[in-house]
**Student:** 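Have a look at this one before I ask anything.
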Amino acid sequence: MILDRATVIATVKDIVVTEARAAVEPSAVPDGEPLAGPLLNVSSMGLLGILTRIEDAFGSAVPDDLFAGRSLKTVADLADLVSLTAEETPR
């Protein structure tokens with residue numbers, strides 16, 4: 001499955017802002033915004049919630065092997081993970 005990058009980024013930002021309970025519009029969050037930075041302040045438990053919401057939003061589970069050697073530090077990292085998950089999903 002191929003996903004439009006703009007749609008993935010917009011959806012991920014919406015999920016991150018909602019889960020972080022940040023007082024900012026999702027569209028105002030830069031793609032490179034640190035998840036654990038002062039704007040979003042996502043904890044490790046918050047990251048788990050974000051990943052669950054991402055799986056629900058895109059209708060596919062994130063395979064454990066996609067986490068190997070990968071760090072999820074920014075909004076763009078999460079969007080990249082969604083894109084990789086879509087590539088791994090059988091058609």
**Student:** Evaluate the criterion side chain to side chain contact (heavy atoms under 4.5 Å, CB included) for residue pair R53 and T18; output intermediate values, then yes/no.
**Tutor:** CA-CA 10 Å; R53 287 180 187 235; T18 300; 3.3 Å; yes
**Student:** I need the I50 CD1 to L72 CG distance, nearest 0.5 Å.
**Tutor:** 9.5 Å
**Student:** Can you hop from V24 to I15 via hydrophobic side chains spaced under 4.5 Å?
**Tutor:** yes
**Student:** Please evaluate residues T11 and V82 with respect to the criterion side chain to side chain contact (heavy atoms under 4.5 Å, CB included), reporting the C-alpha separation (whole Å), side-chain torsions for both, the decisive distance (0.1 Å), and the verdict.
**Tutor:** CA-CA 10 Å; T11 303; V82 169; over 6 Å; no
**Student:** For P26 versus V17, what's the shortest heavy-atom pair and its separation?
**Tutor:** CA-CG2, 3.9 Å
**Student:** Could you go step by step and tell me if L47 and L78 meet the side chain to side chain contact (heavy atoms under 4.5 Å, CB included) rule?
**Tutor:** CA-CA 10 Å; L47 183 58; L78 288 172; 4.2 Å; yes
**Student:** What is the distance from atom CG of L35 to atom CD of E19, rounded to the nearest 0.5 Å?
**Tutor:** 11.5 Å
**Student:** Determine the minimum heavy-atom distance between S83 and R5, stating which atoms define it.
**Tutor:** OG-NH1, 3.9 Å
**Student:** Can you list the steps and then say if V75 with L40 is a side chain to side chain contact (heavy atoms under 4.5 Å, CB included)?
**Tutor:** CA-CA 10 Å; V75 172; L40 298 174; 4.0 Å; yes
**Student:** Are I9 and L84 co-members of a hydrophobic cluster defined by side-chain heavy atoms under 4.5 Å apart?
**Tutor:** no
**Student:** Quick check against the 3.5 Å criterion: does D77 have a side-chain atom that pairs as donor or acceptor with the backbone of T74?
**Tutor:** yes
**Student:** How close do F58 and V8 get, heavy atom to heavy atom, and via which atoms?
**Tutor:** CZ-CA, 4.0 Å
**Student:** I need the minimum non-hydrogen distance between L39 and E33, along with the two atoms involved.
**Tutor:** CB-OE2, 3.4 Å
